[in-house]
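Numbering of ligands and ligand atoms starts at 1, following listing order. Here, residue 1 is the first one in the sequence, and each next residue gets the next number.
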Amino acid sequence: MSCLEQILLLLMVTQINCVPIFQERCGYKSCTPIKSGYVNIHLLPHSHDDVGWVKTVDQFYHGTNYKSYRAAVAYIYDTVLTSVRRKKDRKFIYVETAFFWKWWMEQDEEDRNVLRKLVNDGQIEFIGGGWSMNDEAVTNYQSIIDQMAWGLRRLNETFGECGRPKLGWQIDPFGHSSEMASIFAGLGYDGVVLVRIDYEDKRLRLKNKQLEFVWRGSNNLGRPSDLFTSILPDHYYPPSNFCFDVFCSDEPLVDDTESPEYNIEKRGDEFIKHHIEPLLNSHQTSNVMIPMGRDFSYQDAEMWYRNLDKLIKHINNKQEFYGKKYHAFYSTPSCYTAAVQQESGGVLSSPLKTDDFLPYASDPHQYWTGFYTSRASLKRFERVGNNFLQVCKQLFTLTNLPRENEQKLNKLRDAMGIMQHHDAITGTEKEFVAADYSRILSIGMKNCDSVTEQALAKLVNIESENFQSCLLSNMSQCAITEKSNQFAVTVYNPLSRTVNKVVRLPVNEKLYSVIGPDGKAVNTQILPISEGVKNLPGRKSNTTLELVFVAENIPPLGYKSYYVQKYADGDIVTIPDQIKTHQEANGSNINFYIDSIAGIVNRINYSNIDLKVEQNFWYYKGATSGSRPTGAYLFRPDGEAQTIAKNAKFSVYTGNIVTEVHQKFSDYVSQVVRVYAHQNYIEFDWIIGPLERSTGKEVITRYSTNLETKSTFYTDSNGREAMKRVKNYRPTWKNDVSDAETSNYYPVTSKIVLKDEENNLQFAVLTDRAEGGSSLKNGEVELMLHRNCLRDDALGVEEALQEKEFGKPIVVRGSHYVVVGHVEPATQSEITATTIEHKLAEEKLLDSWVFVSATEAKSFDQYSKDRLLTFSGLKRSLPDNVHIMTLEPWTDSTFLLRLEHTFEKTDDPVLSQPASVDLKELFTTFKINSIRETTLGGNQWLEENRRLSFRSTDQDDGNQETVNSEAKTLLSDLVVLLQPMQIRTFVLYISTNK
Ligand SMILES: *[C@@H]1O[C@H](CO)[C@@H](O)[C@H](O)[C@H]1NC(C)=O
Ligand SMILES: *[C@@H]1O[C@H](CO)[C@@H](O)[C@H](O)[C@H]1NC(C)=O
Ligand SMILES: [Zn+2]
């Protein structure tokens with residue numbers, strides 16, 4: 001029975017038991033109507049609250065460490081609540097759900113009801129709505145979608161429809177990606193507001209009235225990915241002299257005519273003359289949007305509202321200023337968007353935008369391209385976090401763990417949401433804040449450890465088995481494998497198809513037997529741990545060897561367990577001697593060659609392709625002079641890159657699984673290049689550091705090929721679609737090319753690709769984290785790996801980027817995966833380089849997770865008794881172009897499923913076709929009774945989503961059929977159709993098989 005029904009019943013009975021009902025007037029219904037014939041001034045009270053930056057997340061929330069930065073987000077939520085409820089027309093927007101949630105958890109029911117009412121009345125509006133305001137350059141699409149969905153889920157659970165954001169509010173991220181626009185469209189949003197675009201682009205847009213336009217986020221998805229985009233002309237700060245905050249010292253407004261302090265007449269004129277009039281020629285409608293707030297403002301909200309009330313009253317009383325009529329009112333970005341739509345009829349006279357807003361330059365010579373690499377280790381840790389989060393969610397779901405365990409999963413959801421913040425993964429926070437992010441992420445992962453442990457114990461059917469993730473295996477350290485005579489290795493595959501996983505474990509001895517689930521011995525190889533790894537600071541291990549084996553055919557969403565046993569005694573396996581000549585790996589599809597004198601890779605051979613590929617390391621000396629030196633945000637080199645070493649010392653190790661060349665270039669650069677049997681990529685496993693603190697070095701690697709690439713290269717957009725980049729060129733304006741290197745740097749979140757169309761050759765480098773990259777010379781790929789900056793770049797962090805770990809300058813380790821192949825298939829059966837890259841990228845992004853467990857069992861037979869050694873979560877693999885992106889517990893009786901098509905329209909003759917997935921009888925541990933499609937965030941039923949329609953006057957496909965309309969059919973039989981690059985989200989209603 002609804003509240004309303006209960007109240008009606010009150011006429012007959014005496015008992016009433018329900019929470020107060022509020023009439024809902026949220027959404028566009030709550031917007032102040034605009035006036036025609038007037039300039040409509042939308043005043044936007046807002047506070048930009050970074051989820052960590054120069055203070056930690058908790059310091060910002062509670063206000064501790066106040067002396068270093070006077071910000072306390074808790075006060076903002078407290079005082080805004082008090083102030084907004086005092087007057088009906090006051091409005092405010094909440095943006096960062098991580099902070100909102102902290103505050104909400106502290107409130108009693110009374111305050112919660114006050115807020116519920118304000119939300120239902122549209123006075124307080126959630127916009128953006130993600131856990132944080134995510135960065136767009138160095139983030140991966142999976143983590144963006146996860147962090148949006150996580151915030152939106154909390155809002156939906158708490159407020160229902162009135163808590164549902166309708167707009168993106170990305171006012172601080174340092175440049176903007178196409179994928180993010182596409183994600184906002186997928187979330188069902190009506191638009192996005194941006195601030196930071198290239199200064200020249202902004203100047204032209206101001207001049208040509210193109211601050212507002214339609215942005216096509218995906219050229220594959222077309223019209224459904226179109227998004228209304230509005231760029232704030234100045235910044236997200238209030239107009240100068242109109243900041244009314246504890247931080248600011250601007251004069252308050254006085255409208256008491258009898259007071260000698262009376263100033264409203266003068267201040268009103270000033271406001272219109274200096275801050276509104278100059279904007280009028282750059283807008284397409286009568287609406288202007290004026291942000292009234294800045295970083296951590298509204299700690300005393302009444303200071304703002306008191307003055308804004310007066311300003312609004314004065315403007316509306318006087319109406320006419322300098323011959324024009326004005327109408328001022330409290331508004332929100334979505335009310336502004338609706339006003340523009342209403343007045344323009346949704347047709348904007350600006351060209352459709354089809355590229356992105358990267359890189360971002362704020363002023364001449366100030367390219368924010370340093371942060372693409374800053375804090376390289378933190379960037380990698382975040383990727384590992386995503387890998388484990390997906391594993392954790394999947395295992396939770398497949399075993400349908402009791403929902404009280406979701407608290408633990410939530411810790412990692414929270415942590416990963418925070419990590420996406422534009423001062424977290426970007427590396428633009430202070431050192432101690434970065435350490436705090438690592439702490440938060442570690443705690444999240446530990447909590448998920450206990451989820452995966454329970455889930456696996458359920459699956460293997462042995463309650464007491466203790467599954468551990470060897471998180472320090474990146475420094476070849478793992479207590480169990482080092483110290484035990486026998487142990488089990490369980491390899492879980494989070495991909496929706498069968499994969500092979502190379503397992504590498506630090507061990508003490510040279511002889512181990514590895515027995516697979518079928519009871520048969522598995523091929524193994526022992527390799528020496530490289531000097532670079534052994535010398536990693538903080539490594540607490542004496543092992544000098546790694547045991548390598550291939551876990552073959554791990555089932556989709558499934559695992560295989562291996563039993564590893566040290567031989568008591570026996571032959572000592574000899575490690576192959578150094579081979580100082582070209583070395584060819586056996587049984588590989590791809591080989592590399594090294595120059596026998598210089599010791600560097602100089603050729604790669606794949607199938608019938610023989611390509612010159614020279615790889616070496618260089619460094620840029622960072623510019624330290626001037627007001628904006630190189631730093632955490634900016635990359636400003638002082639001159640061209642310099643050689644670190646012409647030659648590398650090297651040694652070669654071969655075997656039946658892998659061939660490795662261990663190279664040492666200098667005190668701070670070493671590398672292992674390896675190729676595995678039956679694989680089609682080469683791995684470059686580099687170690688950079690420690691960089692001496694006294695020199696500002698920014699270390700890069702270059703792969704020089706003889707491909708003819710016509711100044712063109714491709715980088716990924718948040719790990720998804722390929723963006724075409726041309727040196728010294730921007731698609732929509734002529735840019736300043738005087739900064740040869742930095743203006744050509746782009747974020748490489750997952751890969752950078754060269755194509756030589758004439759010779760049908762392609763060369764790609766895949767990364768294991770975001771890095772800055774470019775192609776400054778034809779045929780050459782450059783990637784920045786690690787940075788040490790001597791000075792702060794004066795953009796707010798107020799600290800030089802000089803990372804330390806274990807009390808020493810940090811050492812960074814990472815991998816590149818190099819693929820060589822054809823642009824177009826050379827034979828009927830051949831797969832293209834792009835197809836190889838897609839599959840490899842998936843396998844590296846969602847790598848099979850290795851759990852080790854101690855076992856007392858003395859033999860394989862004892863160990864395997866009553867234990868399930870192999871498991872598949874799926875009854876069959878999905879097609880190669882489809883992937884289960886998300887499988888997670890949702891409400892008490894439902895799961896959330898996201899399916900994605902991983903190919904673009906022109907990537908592959910076969911795999912770029914639409915794909916269909918039959919969900920019937922797909923999962924082995926639960927049955928799907930029915931499914932219901934939602935928007936990308938999972939917070940709204942797709943059929944209920946209506947977006948404000950916008951289009952460009954230059955758009956000729958206005959009526960083209962959309963992917964969405966077609967998406968709504970075909971569901972009753974549980975068969976889902978996916979177009980290239982499409983992601984579809986479903987709530988699954990299930991019953992479990994047990
Ligand atoms: C490494 O070896 C040293 C000397 O033998 C020993 O004291 C130390 O405990 C060992 N460390 C580990 C982590 O095994
Ligand atoms: C939103 O939350 C409500 C409960 O507050 C729930 O009933 C509804 O199913 C949720 N919507 C979606 C699309 O999950
Ligand atoms: Zn910010």
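- Residues in residues 167-183 take part in these salt bridge (charged side-chain N to carboxylate O under 4.0 Å, His left out) pairs, two or more places apart or across chains: D172-R196, E179-R720.
- Of the protein's non-hydrogen atoms, the one nearest atom 8 (C) of ligand 2 is N156 ND2, 3.8 Å.
- Shown in contact with Q940 at under 4.0 Å from a heavy atom are these atoms of ligand 2, numbered in order with element: 13 (C).
- Among H42, K91, E125, the one residue that satisfies the side-chain hydrogen bond (donor to acceptor under 3.5 Å, both in side chains) test with S331 is H42.
- Proximity to N939 (heavy-atom distance under 4.0 Å) selects the following atoms of ligand 2: 13 (C).
- Proximity to G938 (heavy-atom distance under 4.0 Å) selects the following atoms of ligand 2: 12 (C), 13 (C), 14 (O).
- Among W304, Y298, F100, the one residue that satisfies the ring pair (Phe, Tyr, Trp, His ring centres under 6.0 Å) test with F92 is Y298.
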Atom pairs and distances, donor-acceptor, side-chain atoms in residues 154-163, under 3.5 Å, two or more places apart:
from : atom 1 : to   : atom 2 : distance (Å)
E157 : OE2    : R153 : NE     : 3.1
T158 : OG1    : R154 : O      : 2.5

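- For the Zn ion (ligand 3), the set of protein N/O/S atoms nearer than 2.8 Å consists of H48 NE2, D50 OD1, D172 OD2, H422 NE2, ordered by chain and number.
- No donor-acceptor contact under 3.5 angstrom links the side chains of Q982 and E900, judged on distance only.
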Check against ring pair (Phe, Tyr, Trp, His ring centres under 6.0 Å), Y367 and Y745: CA-CA 9 Å; Y367 288 86; Y745 256 61; over 10 Å; no
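- For the atom pair OG1 of T139 and CD of Q420, the computed distance is 6.5 Å after rounding to the nearest 0.5 Å.
- Considering backbone and side-chain atoms together, W941 places no N or O closer than 3.5 Å to any N or O of ligand 2.
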Give every donor-acceptor pair under 3.5 Å between a side-chain atom in residues 180-191 and any protein atom, sequence neighbours left out.
from : atom 1 : to   : atom 2 : distance (Å)
Y189 : OH     : G128 : O      : 2.7
D190 : OD1    : L948 : N      : 2.7
D190 : OD2    : Y28  : OH     : 2.5

